[in-house]
Every structure is written in structure tokens, then in C-alpha cells.
Amino acid sequence: MAWTRKVLRVNLTEGSISNEPLNMQWANEYLGQRGLATKYLVEETDPKCDALSPENKMIMTTGPLTGTMASTAGRYSVVTKSPLTGAIACSNSGGYIGNEMKNAGWDMVIFEGKSPKPVYLYIENDKAELIPADDLWGKSVWAVDELIHTKHQDPLVRIAAVGRAAEKGCLYSAIVNDLHRAAGRSGVGTVMASKNLKAVAIRGNLGVGGINNPAEFFKTTTDGKKVLAENAVTGEGLPALGTQVLMNVINEVGALPAYNHREVQFDGASKISGEAMLEVREGDGRPNLTTNAACFGCTIACQRVSTVDKTHFTVKDKPEYQGNNGGLEFENAWSLGTDCGVDDLDAITFANYLCNEDAIDPISLGATIAAAMELFEEGAITVEDTGGVELKFGSAEALVWAAEVTAKGEGFGKELGLGSKRLCEKYGRPEFSMTVKGQEFPAYDPRGIQGIGLAYATSNRGACHLRGYTVASEIMGIPEKTDPLETDGKAGLVKAFQDATCVVDSAGLCVFTTFAWSLEDIAPQIDAACEGDWSVDRCLEVGERIWNMERDYNLAAGLTAMDDTLPKRLLKDIAAKTGPAQGRVNDLGKMLPEYYELRGWTPDGVPTEETRQRLGL
Amino acid sequence: MLRSLQIEPEKCTGCLQCEMACSYEETGMFNPAKSRIKIFNFHEEGRFVPYTCTQCTEAWCMHACPVEAIVINEATGAKEVIDDVCVGCKVCTIACPFGTVNYNQETGTVHKCDLCGGDPECVKACPTQAITYVDSDHGGLERMRAHAAQNLPKDGAQA
């Protein structure tokens with residue numbers, strides 16, 4: 001079993017709530033979470049709908065392993081159509097609320113329509129109600145979290161909410177749960193706010209049970225935890241330095257995009273690295289990092305819990321920001337730091353707090369600010385646009401200002417909230433936008449790591465490292481080392497990572513486990529928990545089915561093979577200036593046709609009838 | 001030899017594996033809401049602190065119980081609740097200064113840590129050894145050792 005087999009359906013237009021059994025035939029074909037919720041979205045909505053209209057639906061979803069003792073099994077996803085990309089959105093988050101939803105007895109919550117007034121959904125096991133949220137509207141996630149806890153007189157309620165940015169239409173707004181874990185990418189928070197849904201608050205004490213084979217489950221999950229503990233990345237690197245273990249590594253291989261991807265290395269990288277977060281500061285005599293922490297059920301514990309130096313300009317007059325908070329992930333340190341040319345660790349940490357506080361995707365925010373900085377330096381944006389702020393690369397003050405106005409949706413922050421693609425088009429320099437399908441790049445440069453370029457170009461949710469993390473192979477040698485500057489074999493590598501990641505997400509596990517786990521470790525855990533035979537082969541088939549279903553959604557939404565590309569800057573205009581990749585651009589053209597062929601797609605990137613039949617689509 | 005749960009908060013990551021293990025041992029479900037060990041997240045301070053029954057020698061809960069439903073397990077030293085005897089009056093939950101005996105609405109009785117009969121599940125589940133099960137006479141052993149280490153000669157110096 002492992003699924004609760006129950007779906008909560010919330011019609012926000014009518015203010016009605018109902019429940020229904022989970023479609024178990026679909027669960028057998030799509031497993032759970034990412035795959036299963038996407039199947040529901042595909043069946044129930046028109047992919048051509050306006051993402052911010054009531055016709056779009058938003059699904060919060062757990063996996064069959066969510067809420068069990070399998071390591072990292074606390075995750076949930078939000079599936080909807082993205083207002084940023086017009087493609088499928090599926091944003092995954094940890095923290096505690098995924099488990100709480102499962103413990104309240106729900107595999108999935110489907111939100112339909114749009115509430116006439118601001119509301120929040122409160123779930124207490126079988127009971128669910130929509131509660132007026134006029135008093136929460138206009139407030140940050142942190143304020144909402146406190147108000148809901150106080151109102152229900154229950155510190156154990158878990159809360160996910162949108163901030164002010166989403167209310168003001170920032171197209172890359174996130175949904176933040178448990179104060180600083182985020183369903184971050186593709187503007188899922190913007191969709192939530194468009195429905196006048198401010199928060200989801202959950203309290204569950206029904207328990208997660210129905211493990212198909214408990215003895216086998218404890219054996220395989222215990223084995224799995226041992227593998228994680230003994231692995232150098234998941235057992236040592238991630239707990240000690242978090243994802244920030246990568247800052248210096250990626251810089252050294254010449255694949256750390258800087259200054260809006262004009263450079264591939266950053267002089268200030270070591271100053272904002274995971275190692276730097278351990279160094280005692282001059283100002284207040286303590287390091288940036290207080291401790292590492294875990295999401296629900298996670299035995300890796302890569303989270304950073306950090307403070308900003310109390311004497312730093314960002315917080316010295318703001319005691320409310322002087323406590324501990326969710327610290328820097330590599331992607332955020334890169335986007336807010338490296339890509340903007342800022343090497344001030346405290347300023348970046350503070351900007352990241354603002355992303356937590358008002359639920360903004362820090363990757364898209366930093367990358368959009370970087371694009372704006374280039375527009376400013378090229379004269380396309382002036383101080384008249386910014387209200388006097390010198391929006392220059394390297395300016396910590398400008399970074400923090402930009403993050404603040406975007407978080408609140410004020411002034412030029414409304415422009416930044418458009419995202420890099422729309423901003424650069426509006427100011428007449430579309431070539432400055434480092435995006436795929438309208439979504440901003442994460443922290444790996446496709447000139448220095450060829451395979452990740454193909455992964456970005458073909459990712460179903462636009463540029464993203466979490467749809468096929470070939471960096472694991474190309475840089476870290478997991479599961480085996482491939483040459484980052486080589487294009488041969490990368491099509492197969494990308495496909496393999498993409499399909500496997502679909503399985504990990506859909507099970508309710510964290511993709512970081514795959515630094516140590518292969519499907520050989522994961523499939524037995526699913527198999528022991530769920531009824532039916534979940535072999536590695538079946539998992540792979542389910543993964544491939546999910547990927548193709550997402551592709552079909554995007555094609556039906558109007559995207560084409562023309563969208564499977566990278567910005568010209570990376571393909572032609574600016575070759576890597578330094579490092580091991582010096583002189584290189586990304587050779588996407590060498591990889592893409594082979595990728596389509598391996599996928600069983602036409603040269604135009606459309607799944608063939610044969611492929612559809614093979615996968616039962 | 002009696003053993004006690006030893007908790008070192010600085011090692012806790014807040015993963016709640018212990019809460020799942022504890023609830024599974026008692027209910028057969030993963031249900032942190034029913035766990036008898038709880039992890040507290042002090043967000044501002046950036047600290048997680050596990051907390052559960054310390055198995056007091058003169059246990060307030062045991063003395064307060066009007067029906068003698070709480071008894072000592074001589075083998076483990078745990079104060080255990082006899083479900084069949086407990087009438088759910090909750091007096092023990094008031095008597096306990098630490099809040100570690102709690103009512104369970106599903107069973108109508110109270111529940112508390114019973115050291116799992118001498119093989120605590122939370123200890124086995126903890127990935128960072130923040131919870132260990134050690135000789136009751138030497139709960140302070142590791143801290144003594146740490147202080148003792150301060151008396152070692154500095155690097156390179158010979159005693």
C-alpha cells in the first residue's frame with residue numbers, strides 16, 4: 001500500500017471540499033508525487049490554459065514513501081502549469097509538511113478555480129476547511145506562519161505559504177514551508193496566489209502505515225541509510241559543507257558562470273564558499289554556519305542553518321534578522337553571489353533570507369538581477385528606472401536593494417519580478433537573458449560542462465539542474481566519470497539521469513540520495529513499501545513514461561523543439577574565457593539529435609507513435 | 001547493569017527518525033504525533049533538542065497514579081504504564097515536571113518512554129548518535145573525557 005489512497009479536492013471558486021479515492025491504476029503507472037500528480041493535471045486541465053487563470057489547477061502531492069522511515073522520505077511536490085515558462089511545473093520541497101500531509105491521510109490535494117477572497121486551507125486529518133485570510137494577505141511567509149500558529153494554538157501545525165512577491169505577481173514566486181524550505185522553481189507560488197490561496201496549514205496524527213512488507217522494508221531502508229552514511233558525498237561532504245561543497249569545485253573546473261554568464265570563473269568564489277561559511281567572522285566573532293540540519297526523515301542533513309554578522313550593514317539595525325535562518329545553498333550563493341559578481345557572504349545570506357521570508361525562487365531572482373545588472377552597465381536600464389540605484393555588478397548594496405523591492409513587489413521590483421526573459425525583452429536586449437523556456441539557469445555553465453547544457457535545453461520545466469544532474473557524472477564521477485568537455489555519450493547520460501530522477505521524485509525521496517544510491521538501492525525500498533513488483537526495470541519504465549508525459553504536456557501547451565535550446569551567448573557569442581574550458585562554447589547541436597533518437601522522438605522532438613505505445617501513453 | 005538514554009542535542013539534525021521509530025514500536029505506524037520522544041526546533045537559536053522521560057528514581061508519575069498503573073521494570077529501570085490498569089485520569093501527566101507522560105486519545109490511556117524493554121528504537125534510528133543508551137552510572141563520561149582532554153599537553157609539547 002504505502003499510498004493513503006485518498007485525494008482531497010478543493011474547489012476554491014465555490015469554497016467546497018470533497019474527497020475521493022486515489023486512482024490506483026494511475027498510481028501503478030506513475031508511482032506517486034511528481035508522476036502521479038502530473039497525470040491528474042494532464043487529465044483534468046487544458047495545457048493551453050493561462051497559468052494564472054482559474055482554469056489552471058495546482059496539486060500538492062506526496063509519494064508512496066513520504067512519511068516512512070526511508071531516508072529523505074519527507075518530500076512533497078507542487079504540480080501545475082508554470083506562469084514563468086508556460087510549461088509543466090513541478091517543484092519539490094523538503095521540511096516537514098510533506099510528512100504532515102501524509103499523516104493527515106492524504107496523498108494529494110488538488111486545488112481548482114479561484115477563491116473570490118483570500119483564504120487558507122486548514123487540514124486536520126479528515127477535516128478540511130477554507131478559512132478567510134484577509135488578515136494574512138499582504139504579509140510575509142514568516143508573519144503568516146506565526147499568525148496561523150497563534151490562531152490555532154498549536155505549535156505542531158505545519159504551514160506552507162506564499163509571500164508578498166507572489167501577491168504582486170512576481171513570476172518566480174515559490175511556496176515556502178516550515179519557514180525556509182521551498183517548492184522553489186517555475187512560479188508555483190505565483191499560481192497559488194493567483195487563486196487567492198495564501199497558505200496551507202496541516203496537522204495530522206493518523207500515522208503512515210500499510211507498508212506492504214515491513215520486515216523487508218526495514219531491511220532495505222536500513223541498508224540504504226548505511227550506504228548514505230558511508231558515501232563520501234552524502235556521509236561527509238553534504239553534512240559538513242552542504243551543497244556549498246561545490247562552489248570551489250565548480251569554479252576550479254571553469255564551469256561557474258559569473259557576471260550573467262559573461263565569465264565561467266569567479267575570483268570571489270572562495271569568499272562565498274561552503275568553506276568560507278565555517279570561518280569565524282571579524283564582526284561578531286562567529287562563523288556564518290551555526291549547524292547543519294535535516295529535512296523530515298533525512299539521514300544526510302545538508303541544510304545550512306546560518307546567521308548574518310550582526311555588525312553587517314544588512315542587519316545591524318534589524319534585530320529580527322539577526323537570529324538563525326535557512327542558510328545558503330550552492331545554487332543561491334551562486335545566483336545571488338557569483339552571477340551578480342558579489343562576494344559579500346553576509347549580503348548574499350541576507351538576500352537569501354528575504355527569499356525565504358517572501359517565498360521567491362533565489363535562483364531566478366539572482367539570475368534576473370544579474371541580467372538587470374548587465375542591462376544597467378550597457379545603458380539599457382538607467383538610474384531613472386531604478387530610482388537612483390547604481391545596479392552594478394559586484395555591488396552588495398544593489399543586490400540587497402533589488403532583493404528587497406522584488407520581495408515586496410515595489411517599484412522596480414515589479415520589473416525584476418518578470419524574470420530575466422521578459423525583463424531583457426522589455427529593455428530591448430533579449431540576448432542578455434540566460435534562460436531556457438523562460439526559466440533562469442542554475443549554477444553550472446554548459447560551456448564547461450557539456451552534458452548539463454543538453455539537460456538544460458531539454459528539461460521539461462526549463463533550465464534546471466534537478467531534472468538530470470549530469471554534473472554528478474561529469475564532475476564528481478558518479479556513477480562513473482565522464483569528461484565534462486566531451487559531447488559523446490552525453491545524450492544517453494542525460495536521458496538516464498532524467499528518467500531516474502522521475503522515479504526518485506515520484507517515490508517521495510530526495511534526489512541528493514542519488515550521489516550514493518542508484519535505482520538498485522531505491523527500487524527495493526519502493527518494492528517493499530508498495531504492493532506489486534517494483535523492479536529496477538519497472539522503475540525505469542515508469543520514469544521514462546513520466547518524462548514523456550511531461551513532454552507531451554509541453555507540446556500540447558504549444559512548446560516545440562525550437563524551445564529545446566540554449567541562449568546564443570553559450571552556443572556562439574561568448575566562448576569560455578578562462579579555465580579548462582577556455583575557448584569552448586556548448587556544442588548542443590552535436591548532442592540534441594542523438595538525444596531525440598534515444599528518446600524515441602522524431603527529429604522535431606515529438607514522441608513517435610511507437611514510443612507512445614511502448615510506454616502506454 | 002542499568003542503562004539510560006543519553007541525549008546530546010548538539011548532534012541532533014532534526015530528522016525525526018527517532019520519532020518515527022518510537023511511534024512504530026508502539027503503534028505499528030510512522031506517526032511522529034504519537035512519539036514518546038520529541039525533537040524541539042529552536043529556530044532562532046539554530047538548535048534541535050531531543051527530549052523524553054529520564055526515568056526518575058522517585059518518579060512523580062508513579063507516585064501520583066491512583067491505581068498503580070505505573071510500575072518499575074526491574075530489568076531496565078523504566079517506569080512502565082500498564083495499559084490494562086490505567087484509567088486515563090491523566091493525574092500523572094500533571095505530576096510529571098517534565099511533560100514526558102502524555103495522554104493518548106486513541107487508547108484512552110497514558111503513554112511514556114518504556115525504553116522499549118531495554119533496546120530503545122530511537123537509539124537505533126538516530127543517524128548521528130545524538131541519542132545513545134549508556135551505563136546509567138556514567139551519563140557524564142563523555143563530558144568528563146572532553147574536560148580531561150583539556151589537560152593533555154599541547155601539540156608538540158612533551159610532558
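So that the names make sense, note that chain A is the first sequence line, chain B the second, and so on, each numbered from 1.
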Quick check on [X] against chain B: is it the side chain, the backbone, both or neither that has a heavy atom closer than 4.5 Å?
X      : value
A:T299 : both
A:A73  : neither
A:V208 : both
A:L179 : side chain

Closest approach of [X] and [Y], non-hydrogen atoms and distance?
X      : Y      : answer
A:A293 : B:F48  : CB-CE1, 3.4 Å
B:G46  : A:T290 : O-CG2, 3.9 Å
B:Y24  : A:P214 : OH-CB, 3.5 Å
A:N205 : B:A33  : CB-CB, 3.3 Å
A:M69  : B:A125 : CE-CB, 3.9 Å

- Task: Between chain B and each of A:G74, A:G326, A:G207, A:G323, count heavy-atom pairs under 4.5 Å; write down the option with the most.
- Result: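 Between A:G74, A:G326, A:G207, A:G323, the count favours A:G207.
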- Residues of residues 2-11 of chain B with any heavy atom under 4.5 Å of a heavy atom in chain A: none
- Which residues in residues 224-243 of chain A have a heavy atom less than 4.5 Å from any heavy atom of chain B?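 Within residues 224-243 of chain A, the residues that come under 4.5 Å of chain B (heavy atoms only) are A:K225.
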- Ignoring hydrogens and angles, tell me if any N or O in the side chain of A:N324 forms a donor-acceptor pair with the backbone of B:H43 under 3.5 Å.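 No: the side chain of A:N324 does not pair with the backbone of B:H43.
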- Exactly one candidate in A:I211, A:N99, A:N103 meets side chain to side chain contact (heavy atoms under 4.5 Å, CB included) with B:F30; the answer is A:I211
